[in-house]
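Before any comments, here is the structure.
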Amino acid sequence: MNKEYSPKDIEKKWQDIWENEEAFKVGVDQSRPKYYALVEFPYPSGQGLHVGHPRPYTAMDIVARKRRMQGYNVLFPMGWDAFGLPTENYAIQNKIHPKIVTKNNVEHFKAQLKALGYSFDWSREINTTDENYYKWTQWIFLQLFKKGLAYKSEMPINFCTSCKVGLANEEVVNGVCERCGSEVIRKMQSQWMLKITEYADKLIDGLAKVDYIEKVKVSQKNWIGRSEGAEVNFRLKDKEEILMIYTTRPDTLFGATYMVISPEHPIIEKYKEEIENYQEIVAYREQAARKSDFERTELAKEKTGVCVKGISAINPVNNKEIPVWVSDYVLMSYGTGAIMAVPAHDTRDWDFAKKFDLPIIEVVAGGDVQNEAFTDVATGILCNSDFLNGMEVRDAKEAIINWLEDKKIGHRKVNFKLRDWVFSRQRYWGEPIPIVKCPCCGYVALNEEDLPLRLPEVESYMPTDTGESPLAAMRDWVETTCPKCGKKAERETDTMPQWAGSSWYFLRYIDPDNTSAFASKEALEYWMPVDWYNGGMEHTTLHLLYSRFWHKFLYDQGLVPCDEPYKKRTSHGMILGENGEKMSKSRGNVVNPDDVINEFGADTLRTYEMFIGAFELSAAWSMEGVKGCRRFLDRVWKLQDMLIDGEEYRPQLETKIHQTIKKVSNDFENLKFNTAIAAMMGLVNEFYKANSITKGEYATLLVLLNPVAPHMTEELWEMYFAGAGKVYQQKWPEYDEAKTVESTVEIAVQINGKVKATISVGLEEEESSVKQKAHALPAIAGLIEGKNIVKEIYVKGRILNIVAK
RNA sequence: GCGGAAGUGCUGGAAUUGGCAGACAGGCAAGACUAAGGAUCUUGUGUCGGAUACGACGUGUGGGUUCAAGUCCCAUCUUCCGCACCA
């Protein structure tokens, strides 16, 4: 009887050995193929690791460990995305410097991650709040600035009344602040913006050549929101003024019965003298402005608006006069802030027309436009549209655009939902924006050799009531000289958003200590692109889009060797509490990984997190399930009591072993960790049935299981195979395809589709011989006797179906 | 409203070039070992009927295609997630 399996005794031991041996430290090695496996670096929050974290980390650790055993030079790094509001808020509340808070949190996180036995190359650890890191974040910002992709703009921003900070559109959820849930209002402020819209097309086109799971591609596309249509000029009656609109349905131009402009549209001010009900419109505009985004969406069903009296427009296709309305369902920020309304073929226009009793003219036949808008573009045929009559929608679109371009009253136009990225935060705990505002020269970039621009020590991290960053109060920091003309100037006091540091971190891992560039060309050429990037669904739109944007920019500057940063992107599902709800402190269903490790061991936690269910789907935690995984590892441990000599696989187990190697190898690649583990459990059960295992069989099992349970497998390996080095140095087992199939198989014999018997046949056995054997079976013979066999279908090695009447 | 994903035993979940539904776990039950077991091992476990043999039914619901459907087609219901007046 051997000693008991005690994770406490062995896990720390192996973690220390790996560290001392620098087992997972890598460098550029042209003689071996590289593999770059990446997980999203965490935000080191005060709560420490959550059982949700180990799911993606373990998955990619398995991939990394397997790849190493397959001979790849594997880069698998980890770091900290440490700027951010929670740390700052904690610092404010507890009067501790965010730097100290971050340091403590990182230490805690790191200890927890080490206890899980991940094969990270810790020598490449990075932290976005290190000045040697954010120096390069600032440097990249300067490159964007120099190319005109960073600009300052006075514009309405989302402002959280509680956090007192400007938010990106993306950080406003249902009209409230994503972090604190407080009301968000619009406020005019001068903001740094990044021109991500310049890359809208490239960001969409690039998706065609990368291997991302489909839903990620779809959400990227939806966010960018590319739409193809036309801009059309409508003339105002008795004026020279042109009112330009954007439409994706220029084919319905004959059906335009009125126009709608956004409440903020400039022609209102321009023609205020002639608008008879100007006061009414101003009142409406003010009412609309007071509505938060939330109210605007809530009230989406009920249309509101005011007719602009005194001016009207002319439909350019038929010269009919049509009224102009103001309504907040038309947004100033999209298209031209004005639309032509075609109530017959647009549901919003239809709702509006019904409410205000405006005419509805059918121009695409196929629906009943008095009852609902007919929007089907696939089946409709144009009518009431002069030269477009009889055409299909697609052809009519082309025809009308050509006509408009010909007459110079319109043109083809592509629009995007994507807006430029609000890059300023009026907060302390972020990267200072390395710009100086000079009264003579305007906004001037710092000299690159003056980077990093360090975050100064301040008395208070609280944002000021004016909404300015706490940095604004540091007069001796703010007051500086212009790098260009040398005269007195002031520093920018806004900082960058948390997205900044994470937009390029995977590049820094490649060469983290480089002081002359964010990474050397040589290292970038060797390691990029990231071969496999796994992360949460919650980051698939923003982080992915932002980092792809920065990367494409760097590529255009010749600074990185590839135009897409990530070759493959996958996503993991959330780990829910035992009650099936999202884990949270307030629900009291949070599971701490430390407790699980203490009670069951890190290998058990790793195994369970992989066995819990389909990797991409969310899964509810179960302590009973954890126990089951521990039991499995115990059974593997105890196999040593059944160990017998022999390097070979025994004939009766050979097929099963080859099948398992194949299944585990493939499943690890396809994120099917749960079935890979199930296959290994099945194999272990076979050894138990045989009540024995040869050394050769055990060695294979230990190597296969090593990526999942690295500590225990190393310990067992050391006990029995120490002469052959460590498990992580072994070669990944190979399988022989020919040996994964049984030479004789059991097939089902059906009569009229119902299984009536099973029969053992040779895989390559002749069909006629199989049939003969089947017919001879007593269970079958009795049933087909006296019946007419209409048909017999034999699927090789699977099934024989006899159709009898 | 639009987009995406998912509905399978008591539970988590397997199985889709259509080919024996329920792998692997958990739970439960019985047995073995034991001073004891909340440890371990063995066996059983979809539902209904039947003592058994066996039979019928069974992958959200209703149709369909097929020798054969969880898988394909049509319709429909439910849940979760994302986006939401983007013209």
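Protein chains get the first letters and strands the later ones, always in sequence-line order, with residue 1 at the start of each. Scope of the values below: all heavy atoms of this structure, side chains included, with no hydrogens, waters or symmetry mates.
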**Prompt:** Any side-chain N or O of Arg631(A) under 4.0 Å from OP1/OP2 of G26(B)?
**Reply:** yes

**Request:** Using the closest heavy atom to pick a nucleotide of RNA chain B for each, name whichever of Lys627(A) or Lys791(A) lands nearer the 5' end.
**Result:** Lys627(A)

**Message:** Evaluate Lys303(A) against Asp328(A) for salt bridge (Lys or Arg N to Asp or Glu O under 4.0 Å), listing each step before the verdict.
**Reply:** CA-CA 8 Å; Lys303(A) 295 278 182 289; Asp328(A) 64 1; over 6 Å; no

**Message:** When both hydrogen-bonding distances must be under 3.5 Å and the geometry is Watson-Crick or G-U wobble, what is G27(B) paired with, if anything?
**Reply:** U45(B)

**Request:** Tell me whether the OP1 or OP2 atom of A87(B) has a side-chain N or O from Ser227(A) closer than 4.0 Å.
**Result:** yes

**Item:** For atom CG of Asn801(A) and atom P of C67(B), their distance in whole Å
**Value:** 10 Å

**Request:** For G7(B), measure the glycosidic angle (O4'-C1'-N9-C4 for a purine, O4'-C1'-N1-C2 for a pyrimidine) and name it syn if it falls within 90° of 0, otherwise anti.
**Result:** anti

**Request:** Look at the side chain of Arg798(A) and decide which nucleotide, out of G3(B), U42(B), C20(B), has an atom nearest to it.
**Result:** C20(B)

**Prompt:** With no angle test and no hydrogens, is the base of C85(B) tied to the side chain of Lys303(A) by a donor-acceptor pair under 3.5 Å?
**Reply:** yes

**Asked** Can you tell which of C85(B), G19(B), A56(B) lies closest to the side chain of Lys756(A)?
**Response** A56(B)

**Request:** Let me know the distance between NZ of Lys689(A) and C1' of U43(B), rounded to the nearest Å.
**Result:** 12 Å

**Message:** With rounding to the closest Å, how many angstrom separate the P atoms on U40(B) and G58(B)?
**Reply:** 39 Å

**Prompt:** In whole angstrom, what separates Ile677(A)'s CD1 from G26(B)'s P?
**Reply:** 13 Å

**Message:** Please classify the nucleic acid contact of Ala679(A) as base, sugar-phosphate, or nothing, using heavy-atom distances under 4.0 Å.
**Reply:** nothing

**Asked** Taking only side-chain nitrogens and oxygens of Asn674(A), does any of them come within less than 4.0 Å of OP1 or OP2 of A25(B)?
**Response** no

**Message:** For C33(B), give the paired nucleotide (Watson-Crick: N1-N3 plus N6-O4 or O6-N4; G-U: N1-O2 and O6-N3; both under 3.5 Å), or none.
**Reply:** none

**Request:** Could you measure between the two C1' atoms, the one in G22(B) and the one in U45(B), and give it in whole Å?
**Result:** 12 Å

**Message:** Tell me which nucleotide, if any, is Watson-Crick or G-U wobble paired with C20(B) when both distances must be under 3.5 Å.
**Reply:** none

**Request:** If the plane angle is over 60° it's perpendicular, under 30° parallel, otherwise tilted; pick one for Phe615(A) and His572(A).
**Result:** tilted

**Fill in**
Side-chain atoms of Glu746(A) come closest, of A15(B), C20(B), C85(B), to C20(B)

**Asked** Given A5(B), C67(B), A87(B), which nucleotide is nearest the side-chain atoms of Leu617(A)?
**Response** A5(B)

**Request:** Taking atom P in both U42(B) and C33(B), compute the distance separating them and give it to the nearest angstrom.
**Result:** 15 Å

**Message:** I need the NZ-P distance between Lys417(A) and A84(B), as an integer number of Å.
**Reply:** 8 Å

**Request:** Take the protein atom CD1 of Ile799(A) and the nucleotide atom C1' of U71(B), then report the distance between them rounded to whole Å.
**Result:** 15 Å

**Asked** Rounded to the Å, how far apart are Asn222(A) CG and A84(B) C1'?
**Response** 11 Å

**Asked** For A15(B), does OP1 or OP2 lie under 4.0 Å from any side-chain N or O of Lys672(A)?
**Response** yes

**Prompt:** For the rings on Phe673(A) and Phe611(A), is their centre-to-centre separation under 6.0 Å?
**Reply:** no

**Complete:** Any strand, both distances under 3.5 Å, Watson-Crick or G-U wobble: A53(B) pairs with none

**Asked** Paired with A5(B): which nucleotide, if any, by Watson-Crick or G-U wobble criteria at under 3.5 Å for both distances?
**Response** U79(B)

**Asked** U71(B) and A21(B): how far apart are their P atoms, nearest whole angstrom?
**Response** 13 Å

**Asked** Within the structure shown, what part of the strands sits under 4.0 Å from Asn685(A) by heavy-atom distance: base, sugar-phosphate, or nothing?
**Response** sugar-phosphate

**Message:** If I pick the P atom on C73(B) and the same atom on A6(B), what distance separates them, to the nearest angstrom?
**Reply:** 14 Å

**Request:** Please report, rounded to the nearest Å, how far the P atom of C83(B) is from the NZ atom of Lys215(A).
**Result:** 13 Å

**Message:** Before we go on, tell me: are the rings of Tyr258(A) and Phe356(A) under 6.0 Å apart, centre to centre?
**Reply:** no

**Message:** What is the distance, to the nearest angstrom, from the OH atom on Tyr5(A) to the C1' atom on A39(B)?
**Reply:** 16 Å

**Counter-base of G38(B), judged by Watson-Crick or G-U geometry with both distances under 3.5 Å** = none

**Item:** Nearest-Å distance once atom C1' is located in both U65(B) and A75(B)
**Value:** 15 Å

**Asked** Is the closest basic N to carboxylate O distance between Glu398(A) and Arg394(A) below 4.0 Å?
**Response** no

**Message:** It should be established whether Lys754(A) places a side-chain nitrogen or oxygen under 4.0 Å from OP1 or OP2 of nucleotide C57(B).
**Reply:** yes

**Item:** Spacing of the C1' atoms in U16(B) and G70(B) (rounded, Å)
**Value:** 8 Å

**Fill in**
Heavy-atom nearest nucleotide on RNA chain B taken for Gly225(A) and for Thr758(A); more 5' hit belongs to Thr758(A)

**Message:** Under 4.0 Å between a side-chain nitrogen and a carboxylate oxygen: does that hold for Glu737(A) and Lys662(A)?
**Reply:** yes

**Separation of the P atoms in C41(B) and A14(B), to the nearest angstrom** = 25 Å

**Touch class at under 4.0 angstrom, heavy-atom based, for Phe611(A) against every strand present** = base

**Prompt:** Mind checking whether Leu704(A) and Met680(A) have side chains closer than 4.5 Å, heavy atoms only?
**Reply:** yes

**Message:** Strictly distance-based, threshold 3.5 Å: is any side-chain N or O of Glu40(A) a donor or acceptor partner for the main-chain N or O of Gly536(A)?
**Reply:** yes

